[in-house]
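As structure tokens, the structure follows; a few thoughts come after it.
Bear in mind that the values here come from a model prediction, so they are computed numbers and not experimental data. Lettering of chains follows the sequences in order, A, B, ..., and the numbering in each one begins at 1.
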Amino acid sequence: MSGDAPGRGLLTRALSTPDPRALATGVMALLGTIVVVSLMVAALGEDPFAAIRTIIEGSFGDTTAFGQTLMVAVPLALCGAAAAIPFTARLWNVGAEGQMHIGAFAAVAVALTLPALPGPVFIPLILLGAIVAGALWAGLAGVLKTAFGANEVIVTLMLNFVAILIATYAITGIWPQGVAPSTEQVPDSTVLPVVWSGANVSLALPIALAALVAAWVLMSRTGLGLQIRSIGLNPFASLMNGMRVQTVTVATFAIAGTFAGLAGAMEVIGENKALVTNFSANYGYLGIAVALVARLAPAWIFPSAVLFAALQVGSQSLPASTGIPTSFGQIIIAAFVLGLLGARVIRLRYAEGAVQ
Amino acid sequence: MLGITKRFGPVTACDGIDFVLGRGEVHCLLGENGAGKTTLMSILFGLIPPDDGQIIVDGTSVQFGSPRDALNHGIGMVHQHFMLVPEFTVAENVVLGSRPAWTPRFDRAAAEEEVREVARTSGLEVDPRALIRDIPVDVQQRVEILKLLYRGAKVLILDEPTASLGPAGIKSLFEGLATLREQGHSAILITHKLTEVTAVADGVTVLRGGRLQGSFRQGNTDEAELARAMTGGDIAALPVRRAASGGEVVLRVRGLTVKDTVTGRNAVEDLDLEVAAGEIVGIAGVEGNGQRELADALAGVLAPESGTILLDDADITAMPPRARHAAGLGVIPEDRLRWGLVADLTLAENLALSDISRGGLRRRGRLLDLDGMQARAAELLETYGVRPPNPKARASQLSGGNQQKVVIAREMSRQPRLLVAAQPTRGLDVGAIDYVHRQILDMRDRGGAVLLVTNELEELIALSDRIAVMYRGRFVYRAVTADADVDAIAMAMAGISPEDADAQPGAAMEVA
């Protein structure tokens, strides 16, 4: 009497099967990661406890560090939503990186081509431009999938390279700044104001949080959200019950694009004040991991993003106080994601085994 | 098996059950869904250990730690879903797993010869060289049985062996069992179909709610007594059938041709069909003769090659399901967990799927009316007697019968003009079957049109006002039920037209 929808892979089941002890599973995975990583640090001849202390102090130790963690969590969380929403419909959007670059491109285009406007008018226009651009870019992948049966993983991944080249062209060809690898600076009125000066946290944080609330409302309180969940769990019954599966597919991609596009725009009109090369520290791809750790639940995306941001920011201080390179942070992230997925698969096996 | 007890948490699946099987006996284990049949047999087969009680084989008390132990004592089980490798031949499947893994060379010819020998002595004819994917379901089942015989099984446990078979397949299965019985093999059939008991069993053990209800011998009992034991009460007789109302035509199908998406051949070929208001038209046929494709094309999930489908004179041929719902179509799909329900969504959400698709159940501001959804679900679950009547339960937590009630509740709540019900009672217990039948009859009595697709002949005859038999995508037999000849229906399902049947009297099967 186990009601498994047909043809669902182990990973999909591990993600979507309700687990009453999901949080415990996550904590277990985190503890396991700490043990494994500590062993690796010890193998390098360094003190694991010092490394852990460095990461924690470097990310939460003081107001400045905490603010930096929060600001890194903003694009991670938005890209997390850009992955989680389509993943819920079992649409594998790995294109948040590109959608973010297109959003950044649109933001700098709006900021540099419109005549000077006051901030409260200009900033919403820029964000809107980026959101629309991200939605169209991601929606393109949805159309290619529904109209031509293209595989969305390949399409979204390939579109990333195109989007990054478009952003690069803006930097080198359209609005070159001449000296640094960046576009001209955007007008001061377009720069997001700082809302917590001690921590140097800008308006980007409240905007991102509002966007995540919107994502939560979408998924749990709207008909579209229910359709996205239903199609992800069982596309056949969804079709039989009258859902426009293809329309919802395109809409889901477009919605994902809005979050990634917003992330890109806020990087442009944030501290950088321009579209700069490599502004994204792989936020689009890390967003996938953020979404997986959050079990695709909008409410858990921000905490998950903060965790990743803390590892990223905290590991910056590793070389200074220990002999460990910065890139060790990425090893920790990878170990954690693998550990968590492994733990979930084990829990799933256990749960399914108990049924039989 | 004496005093077998097995608990799963708070649920006692088997409560002190005694079960006795004689040599050369075909014994039916009868009970509703959840009566404990499968649990009891899984214990006998070594799949799960009992909490209490003992198993005695040929006078020796035994303990099985695994199915291999059970097989060593000559006990083997054929599962409801066959465990065969489609790309392998019959012979390869039969010997699979009985050869040491480290034997480097597989002697195909020897294996085929051995399998042929087992098939010959047991009377279960198969071609050892045929690929599993090429042979029909009833032959695949024969291969499963051969697999056990090849491993020396003397006791065969068959779980719902007739669930996937048509009348001809059932007939050949029962003949095969009779042959095996003569050779001293025993068989246990897990079933909830009374007709099978009377057709084949020497003895029958009835379970209900994990308890033994009684053991009977053939001849000492009748269907009514068994049904009472199984359900804990008499099944109320179906309401008396009215004459067809002669209402206006609701569904008009003209020249419908539907391709099978896998093979590309025409599954439904140039079919004409009409269903009037206040009428149930029953479509019978052996599985795989186009009934599924017909139902899918009507539901709007499979596009026809040609032909038209009119619902109340509106052409719905090219409409997606959502537009068909608006036009008055309700569907009980054959596979409720694939097409009917989203197992991991709640009942409230499942009941709302169709409304949500059409933009319903919204409050101002376009948000979902969650309270309204819960309230409406609670009301529907109550009205349709779904257990548990909890809108927040997930569909996957319900039994098959209750899942089907949820589908029916959703479809009926739209008040459809036409209901397409495909195999609506498959896998359900007697109580749930009775319930589904009543719902279909109620729909008809309210003036709705019903197209019933079923391969249960009893169901077909009990419900339908008119009957059509499908064979290879066409109707080969049509009749008003009152004039229908059961033998002719059974023969038509097997692809033998009534004229041919006359030429071979006695070939007709006993059904209903």
**Request:** For the residue pair A/Ser230 and B/Leu353, establish whether any side-chain heavy-atom pair is separated by less than 4.5 Å.
**Result:** yes
**Request:** Work out which heavy atom in B/Trp339 is nearest to a heavy atom in A/Phe236; give both atom names and the distance.
**Result:** CE3-O, 3.3 Å
**Any side-chain heavy-atom pair of A/Arg244 and B/Arg322 under 4.5 Å** = yes
**Message:** For the backbone of B/Leu337 and the side chain of A/Asn234, can you confirm whether one donor and one acceptor N or O come within less than 3.5 Å of each other?
**Reply:** yes
Going by atom type alone, with no hydrogens or angles, which donor-acceptor pairs under 3.5 Å involve a side-chain atom of residues 129-147 of chain A and a protein atom two or more places apart or on another chain?
{"unit_1": "A/Lys145", "atom_1": "NZ", "unit_2": "A/Glu152", "atom_2": "OE1", "d": "2.9"}
{"unit_1": "A/Thr146", "atom_1": "OG1", "unit_2": "A/Gly142", "atom_2": "O", "d": "3.0"}
{"unit_1": "A/Thr146", "atom_1": "OG1", "unit_2": "A/Val143", "atom_2": "O", "d": "3.4"}

**Request:** Find the distance between CG (A/Leu233) and CZ (B/Arg394) and round it off to the nearest 0.5 Å.
**Result:** 8.5 Å
**Complete:** Between A/Gln227 and B/Ile356 the two heavy atoms that sit nearest each other are NE2-O, 3.5 Å
**Prompt:** Under 3.5 Å, side chain of B/Ser357 to main-chain N/O of A/Asn241, donor-acceptor pair present?
**Reply:** yes
**Request:** Could you tell me which portion of B/Leu370 (side chain, backbone, both or neither) has an atom closer than 4.5 angstrom to a non-hydrogen atom of chain A?
**Result:** side chain
**Prompt:** Is B/Pro321 close to A/Met240 at the side-chain level, that is, under 4.5 Å between some pair of heavy atoms?
**Reply:** no
**Request:** Using a 4.5 Å cut-off on heavy atoms from C-beta on, say whether the side chain of B/Asp344 contacts that of A/Arg229.
**Result:** no
**Request:** Name the region of A/Val217, side chain, backbone, both or neither, that has any atom closer than 4.5 Å to a heavy atom of chain B.
**Result:** side chain
**Prompt:** For atom CE of A/Met28, is the number of surrounding heavy atoms from other residues, nucleotides or ligands below 6.0 Å larger than 12?
**Reply:** no
**Message:** I'd like to verify something: which residue of B/Glu349, B/Arg336, B/Arg324 has the highest number of heavy-atom pairs under 4.5 Å with chain A?
**Reply:** B/Glu349
